Structures are given as C-alpha cells and as structure tokens.
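Worksheet: the structure to be examined is printed underneath.
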Amino acid sequence: MQTITNQSLIARDLDVIWHPCTQMKDHETLPLIPIQSAKGVYLHDFEGNSYIDAISSWWVNILGHSHPRINQRIKDQIDKLDHVLLAGFSHESAIELAEKLVEISPEGLEKVFFADNGSSGIEVALKMSFHYHKNRGKNKPLFVSLTNSYHGETMGALAVGDVELYKETYNEILIQSIQTSVPKDQSEAAALEAIVEAEKLFAEQHEHISAIIIEPLVQCAGLMHMYHPIFVTKLRELCDRYDIHLIADEVATGFGRTGTLFAIEQSGVSPDFMVLSKGLTGGYMALSTVLTTNEVYQAFYCDYLELKAFLHSHSYTGNPIACSAANATIDILRDEHIIEKNQEKIAYIKKQTERFKSLEKVKSVRQTGMICAIELSGYTFEDRVGIRVYQYALKHGVLLRPLGHVIYFMPPYTITLEEIDMMIEVAYLGIVSLE
Ligand SMILES: *Cc1c(COP(=O)(O)O)cnc(C)c1O
C-alpha cells in the first residue's frame, strides 16, 4: 500500500476541488494543508506536523475536536435514526434541542425553526420578518443592517451585509438594504452616537422597514470590530417604538464566544429573532436554528386557506445527527461549567496580549470574551500581511487565519493556558518578523 503524503493529496485535491473564499492561483505558492486527524485543539497533517487550531476551524469548533461526549452522542444517534423529513414528522433529538434552546435563550424566544447553515438561517429570519408584517397587512420591503456587517453569502444574507470585498461584485443583483453606522469603537459614547443616527433613520423610514439585523457586540468577519452593549439595549427601545424587528445574528457570537452564553445577554434585552449556527453543533455538523417569539408565530397561525403559512424548507432541516451533536454540545457547556471556567482564560488572554500594544505596528488590541484581535497599521491591501503572518504561524505550529491586517485569536474553549501562551507567542513573533 502506498503511504499517503501531504504532497500526493494536494495534487489530487487541486485537480478536482474549488476551495471556498480562495483565489485558487494562490495555491501555486501557498501550500494546501491536508489534515488527517484532529483531537482537542490540535490538527494533525499526514507528515507528523500539528497545528493549534487558534480560530476554531472558522469559529465553529468551540469544545475541541473529536470530543468524546459529542462523538458518543452522534454514534448513538446514527444507530437509531439517520434522517427523517421534519414536515409532518418529528424526532426526539430535534424536540430535545428545541426545548433546550428555548430554555437557555433570552426571555420571550419560544419557537424554534430549523435550517441547515448560518446563511440559510439568516434568510429564514429575513423572510419571516417581512412575512410577519405582510400577514398583518403591512408591506415593509426594507431591511436595515450595520455598516461593516457580515451575515453570510447567500443572496439575501449578502444583501444585508456590508463587507465590500464579498459584496461589491454582486451589488446589481441584490435586494435592497440600508446601513446605519456601527458604533466606531467600544466606548459608550460611540454607542450613543450611533443610536442617534439609527433613530433618525427609523423616524424617517420606519413604515418601510421590516427589521434591523445586527451581530451583537462583535462583527467577526468585519475585522473583529467590537462595540458597547448599550447600543443593543437602546436599539431594542427604538425597534419597539417603530414596530421594527430586531434580528440578532448570533451565528458567530453564540454559545459563549463573547463571555456570556449569548452576546445579547450583555445588553439585557431579547431580540425578536435569534439566528444560531457555527458553535451550535460544537463544530461537527451544519445546522442552524432561528428562534422567535410567540407573537411572530401567531401571525402565521390560521386556517391553511388563508395562505399565511411560512412555506420555507431545506432538505436537511433538523437533521437528527446534527441535532444530537448540538444536544451534546449544550449539555457539555452546562455540565462542565465551560462559560464560568472561560473567565479565567479570558483574563489570561487579556494579560498576555498586553505586550502587543507596545509594538509599533500594532494599532489596537481589543477583546470581547474569547475573541481577541490585534489590528496592525501601516500596511496596504497589496502587502497581504495577513497571509504572511498565516504562513509564519503555520511553520511554527499554529493555525491563525488573519482577516486582512487583523490577527485574531478565537480558540476552542478547551485550550489550556500553556497552549494560549504558545498561540500568542507565535502571533507575536509573526508580527515582529514582518517588515
Ligand atoms: C459565518 C456567519 C454567517 C454565515 O454562516 P454560514 O454557515 O457560513 O453560512 C452569518 N452570520 C455571521 C455573523 C457569521 O459569522
């Protein structure tokens, strides 16, 4: 039998796979990394190299790879039920998951709609919000989002996002959305300033606006931009005043990432819709859920012939294997007091990243819970410093995947203090090594 090497897999891969979010020509010089196995925070390739997964494999893997409890739940599920459609049918894992989500989510969210990835969850929330108003006799074709926001890459989700790099090419074919400014930094003053602008927009256009969609506290794909929780508290008041839904996109911030179970808890309010995905299944399976209120649910509840039902579906809606991974993930978060235990790691990361501030190339160091971002300055888009730090870190056993000139840490919560040290040290030396 031929041994499998990184090289042989790379050749086979490049023959047939078109990778996401990638200029494929980059792989002429930037090697792909085939991964053979993963355990805890480590990814292992085919030649004995290991990498600390400091970005949780695109922010999904919150409890480490190959977690014994999640593995076991999935195995048990597979032996019982692989999949069944969720229209007209149901199964234990979906019911259990919906019950759990209603229990742990902010007050007032009582109904759970399933979809199968973050973007499709966003599409559901947007359609449901528009449809709710329509069922109540109002036509409100506009959505508002924040500048610099990211909500996924299907057409509706892309339309309410505001990251030019992903969106600009498709502008002519997207639905209408309006942006209001995200608070410019983490201060309370910046939050209140942004609220003044949102209020003005709502006052002028509320009759046409179905919802405002936000990423509470951290705009992850938007270069880890962070803002003060009071912005969301005040936004909730505005939404109530103007009959506009508040959609919390907690796809990235949910499940403890910002230090609380959900980011919006820090604002002390509930949204009308909350979209969850990424960490929901511990990073195992594609699944998303949209939680909403009984009030929204009731606006669709009537005799079939009144034609008010929400006729939206995805083939793998509520897949039992994905639901079982999610149930295990929520159980682990609760039983092992993960979010309480994270507080020590959050403080440790804060302390250990202090020294970045004295580097000349560092413009700011910011942190919200288990997300810490180091923003560099003085580089242009063409410098591609992110790629250079990425390559440096890989050589030294850490997977960092900077967003442009922002290097960030978003590790699985199971990372140890020693592994945090290594992750931070490699990033530090990677930045120092830049010209
Ligand atoms: C990743 C992400 C999405 C999209 O989720 P996908 O599963 O990648 O479609 C939506 N919103 C936010 C905030 C995200 O980070």
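We count ligands from 1, going down the list as the structure has it; atoms in each ligand are counted the same way. Start at 1 with the first residue, then count along the sequence. The model shown is predicted, which means the values in this text are computed figures rather than measured ones.
- Aromatic pair Phe356/Tyr428: ring centres closer than 6.0 Å.
- Of the options Glu199, Glu197, Lys200, a side chain to side chain contact (heavy atoms under 4.5 Å, CB included) to Thr180 is made by Glu197 and by none of the others.
- Around ligand 1, the residues contributing at least one heavy atom under 4.0 Å from the ligand are Trp59, Asn117, Gly118, Ser119, Tyr150, His151, Gly152, Glu215, Asp249, Val251, Ala252, Lys278.
- Under the side chain to side chain donor-acceptor pair (under 3.5 Å) criterion, Ser177 pairs with Gln179, sequence neighbours left out.
- The aromatic rings of His312 and His314 stand perpendicular to each other, their planes meeting at an angle above 60°, with 30° marking the opposite boundary.
- Within the structure, every pair that satisfies the ring-ring contact (aromatic ring centres under 6.0 Å, His included) test and touches residues 87-117, not counting sequence neighbours, is listed here: Phe113-Phe310.
- A search for side chain to side chain donor-acceptor pair (under 3.5 Å) contacts involving Asp162 returns nothing, not counting sequence neighbours.
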